[in-house]
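Inspection log for the structure reproduced underneath, given as structure tokens.
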Protein chains: 2
Amino acid sequence: MCTFVDMSPKSSASLKGGTNPKISEATVSRLPAYFRALSQLADAQQIRVSSEELAALTGVSSAMLRKDLSHLGSYGTRGVGYDVEFLRYQISREMGLNHDWSVVIVGVGNLGRALAHYGGFGSRGFRVVALVDADQTLIGTKVKCGAEGKTVELLVHALSDLEEVIKETNARLGVVATPEQSAQAVCDRLVKAGIRSVLNFAPVYLTVPEGVDVRKVDLASELQILAFHEQRKAV
Amino acid sequence: MCTFVDMSPKSSASLKGGTNPKISEATVSRLPAYFRALSQLADAQQIRVSSEELAALTGVSSAMLRKDLSHLGSYGTRGVGYDVEFLRYQISREMGLNHDWSVVIVGVGNLGRALAHYGGFGSRGFRVVALVDADQTLIGTKVKCGAEGKTVELLVHALSDLEEVIKETNARLGVVATPEQSAQAVCDRLVKAGIRSVLNFAPVYLTVPEGVDVRKVDLASELQILAFHEQRKAV
DNA sequence: GACGATTTGTGCTTTTTTGCACAAATGTGT
DNA sequence: ACACATTTGTGCAAAAAAGCACAAATCGTC
Ligand SMILES: NC(=O)c1ccc[n+]([C@@H]2O[C@H](COP(=O)([O-])OP(=O)(O)OC[C@H]3O[C@@H](n4cnc5c(N)ncnc54)[C@H](O)[C@@H]3O)[C@@H](O)[C@H]2O)c1
Ligand SMILES: NC(=O)c1ccc[n+]([C@@H]2O[C@H](COP(=O)([O-])OP(=O)(O)OC[C@H]3O[C@@H](n4cnc5c(N)ncnc54)[C@H](O)[C@@H]3O)[C@@H](O)[C@H]2O)c1
């Protein structure tokens, strides 16, 4: 856990040091990639990084990278570059990754189980704290959660206990990994239980009240987009 | 399999009936959702659909939907709407989903296995035809592939057979589901073996030669983006 | 066959995103 | 102290995407 004291002269004075009023959606969607690359550089003991280098690592142009970062504040040094650890910390702070986020996964099938097993979430600020399913034969069973160092066994809870489980574990993020038929109903219950951020893997558009965010990951769509371009190449 | 005869007076004459020179990337990224919603409507025996209705099903504005579709051609009828089957067919044709696409998955771990087991790809134009891994204990084992109706058992091949497997199965799409450390090397080999469309699940930016498309699905990033907005809500 | 109710297709405007280019700031070496 | 090489931060231009508004086309009805 980082414990930086913010010694930048600007950030204490300027508005940008705090919670910035407007960071564009396009920028937000790229911050995680920067964060990840910086974590990698930090692991490799690299102290400084230029916009050119970080851009190459993340597949964006250096100008875009600089503009993205400038929205967070003026954390680079002209003629030098960015301090890896410091920038990493600033991004994590801006994105709320200082503390861990608790995640509840609904639907412990192929995908839900893969997500639960996955060890990579921990290092990026997330902890799976609860599993919920509707299948009687699954409820009550234990599922290994997380990778090597930090494996935990989590009990699969019944769908009927959803609200209670969310309250007890204080989960803020909900993952929908159920068949498409039940996705909307599951989402509704998550929202009713207080969840306002949902990651949806079911290939359906989820309707939610204002104030609730849904992000959809549709793997088949990704393949279809690739197929579209692939077809074009043949011509 | 659809066997539409294109009877629209426009599409035979206009350039838009064939392979359209320019469909914006934003439009392409939404076509799969339209396709999916239309398939659902077709399953439910619905004959016609308005732009308003289809837009609601996919979470876009009706104006945007109409503009997207207009890029494919003029397939609606004013005052009436769109013919569900016909429109579905036109989108599938435009995206190259008439025929199935063969997919090779490299990395048969948590995620690779979940993808292989998943039955939903078949109905959306894809068939997993090969599994490849580097783990000696996995190579030679069989993995159930696809869901209910159409399960196939696929042998896990050795990484060293990658090129051969791709040639034999005629795979056009490659999925990278290996740890991040090996992702770039695996991608390089896929490209060398002739693959020009890659779906990458490893949280790293993959460098590829021109002419090769990579799409990255980074689940942790999605959660981080949600977390960012969630944090904002608290303030 | 004209009329009103619909609903598409699209020109135009506004907003968002990306890209370019360079002044401003920093470090270095003499 | 000053010239010089580097690299950031940003104003401005270009491009892409989204949104608006309405004319054009179609259907059902009288
Ligand atoms: N597995 C993949 O690779 C993959 C790929 C793309 C999309 N998806 C989508 O992800 C979702 C899950 O896929 P999967 O392969 O894990 O399916 P799955 O059938 O293996 O698992 C679904 C799980 O959800 C549970 N479930 C069903 N209804 C429920 C409800 N109302 N409440 C709680 N749990 C319920 C089931 O008991 C089951 O355990 C599906 O919507 C699928 O379309 C999966
Ligand atoms: N499981 C998830 O939910 C999840 C979520 C987000 C991201 N990811 C990413 O997806 C990738 C796979 O995740 P996972 O959980 O399935 O990991 P995993 O460790 O369970 O599986 C990885 C598989 O790749 C194989 N492998 C390793 N090196 C290889 C090589 N050079 N060639 C071929 N195969 C090789 C391993 O033998 C193993 O079977 C990782 O990059 C991970 O970061 C996974």
Side-chain angles (χ1 to χ4, degrees), chain A residues 7-11 13-17 20-31 33-34 38 41 46-84 86-87 90-91 225, chain B residues 7-11 13-17 20-31 33-34 38 41 46-84 86-87 90-91 225:
Chain A
M7 62 295 215
S8 144
K10 281 188 188 167
S11 57
S14 108
L15 292 167
K16 293 191 173 179
N20 198 300
K22 266 203 184 68
I23 297 182
S24 85
E25 202 50 42
T27 295
V28 172
S29 73
R30 285 186 293 264
L31 289 179
Y34 305 152
L38 287 166
L41 291 172
Q46 190 168 326
I47 304 297
R48 283 204 285 254
V49 67
S50 71
S51 65
E52 202 69 52
E53 187 181 1
L54 190 53
L57 281 171
T58 50
V60 303
S61 77
S62 65
M64 197 156 90
L65 171 73
R66 287 199 299 277
K67 191 166 281 183
D68 281 344
L69 294 183
S70 78
H71 291 135
L72 308 185
S74 200
Y75 297 132
T77 310
R78 298 181 183 203
V80 178
Y82 301 88
D83 180 292
V84 171
F86 184 63
L87 184 57
Q90 291 302 339
I91 293 180
I225 294 167
Chain B
M7 61 296 215
S8 146
K10 279 187 190 167
S11 55
S14 108
L15 292 167
K16 294 192 174 181
N20 199 300
K22 268 203 182 68
I23 298 182
S24 86
E25 202 50 42
T27 295
V28 171
S29 73
R30 286 186 293 263
L31 289 180
Y34 305 153
L38 287 166
L41 291 173
Q46 189 168 327
I47 305 298
R48 283 204 287 252
V49 66
S50 70
S51 64
E52 203 68 53
E53 188 181 1
L54 191 53
L57 282 172
T58 50
V60 304
S61 76
S62 66
M64 197 155 90
L65 172 74
R66 287 198 300 276
K67 190 167 282 182
D68 281 343
L69 294 183
S70 77
H71 292 135
L72 309 185
S74 199
Y75 298 132
T77 310
R78 298 181 184 205
V80 178
Y82 301 88
D83 181 293
V84 171
F86 184 63
L87 183 58
Q90 291 301 339
I91 293 180
I225 294 167

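The analysis underlying the following values was restricted to heavy atoms, covering all of them including side chains, and did not include hydrogens, waters or symmetry mates. Owing to the predicted nature of the structure, the values given are computational and were not obtained by experimental measurement.
- Rounded to a whole Å, the CG atom of Leu87(A) is 9 Å from the P atom of dG9(D).
- For Ser74(A), a side-chain nitrogen or oxygen approaches OP1 or OP2 of dG9(D) to under 4.0 Å.
- Distance from the side chain of Val80(B) is smallest to dT26(D) among dG27(C), dT8(D), dT26(D).
- For the pair Lys22(B) NZ and dA17(D) C1', the interatomic distance rounds to 16 Å; values are reported in whole Å.
- Ranking dT8(C), dT10(C), dG19(D) by closeness to the Met64(B) side chain, first place goes to dG19(D).
- Remark: Ser24(A) is in phosphate contact with dT17(C), judged by side-chain N or O atoms under 4.0 Å from OP1 or OP2.
- We find that CD of Glu53(A) is positioned 15 Å from C1' of dT8(D), with the value rounded to whole Å.
- Between the CG atom of Asp83(B) and the P atom of dT8(C) there is a distance of 13 Å, given to the nearest Å.
- Side-chain atoms of Arg66(B) come within donor-acceptor range of the base of dG9(C), with a qualifying N/O pair under 3.5 Å.
- Rounded to whole angstrom, the span from the CG atom of Leu31(A) across to the C1' atom of dT17(C) amounts to 15 Å.
- Comparing Ser50(B) and Thr27(A) against DNA chain C, the residue whose closest nucleotide sits nearer the 5' end is Ser50(B).
- Nucleotide dT8(D) holds its P atom 8 Å from the CG atom of Leu65(A), rounded to whole Å.
- Considering only side-chain N and O atoms, Tyr82(B) lies under 4.0 angstrom from the phosphate OP1 or OP2 of dG9(C).
- Here the side chain of Arg78(B) is nearest to one of dC20(D), dG19(C), dA25(D), namely dA25(D).
- Distance CZ/Arg30(A) to NZ/Lys67(A): 10.5 Å, rounded to 0.5 Å.
- With values rounded to the nearest 0.5 angstrom, Leu65(B) atom CG is found 5.0 Å from Tyr34(B) atom OH.
- Summarising the geometry, atom CD belonging to Gln46(A) is positioned 11.0 Å from atom CG belonging to Asp83(A); distances are rounded to the nearest 0.5 Å.
- Place Glu25(A) and Gly79(A) on DNA chain C by their nearest nucleotides, and Glu25(A) ends up nearer the 5' end.
- The base of dG9(C) does not come close enough to the side chain of Lys67(B) for any donor and acceptor atom to sit less than 3.5 Å apart.
- Listed nucleotides: dT8(D), dG19(D), dT8(C). Nearest to the side chain of Ser61(B): dG19(D).
- Contact between the side-chain N/O atoms of Arg48(B) and the OP1/OP2 oxygens of dT8(C) is not found at any separation under 4.0 Å.
- Rounded to an integer number of Å, the gap from Ile47(B) CD1 to dC27(D) P is 16 Å.
- Leu69(A) places its CG atom 13 Å from the C1' atom of dT10(D), with the value rounded to the nearest Å.
- Leu38(A) CG to Gln90(A) CD: the interatomic distance, rounded to the nearest 0.5 Å, is 11.5 Å.
- We find the CG-OG distance between Asp68(A) and Ser51(A) to be 11.5 Å, quoted to the nearest 0.5 Å.
- When the side-chain nitrogen and oxygen atoms of Ser51(B) are compared with OP1 and OP2 of dT8(C), one or more of them lie within a distance under 4.0 Å.
- Annotation: the span from Tyr82(A) atom OH to Leu69(A) atom CG amounts to 4.5 Å, rounded to 0.5 Å.
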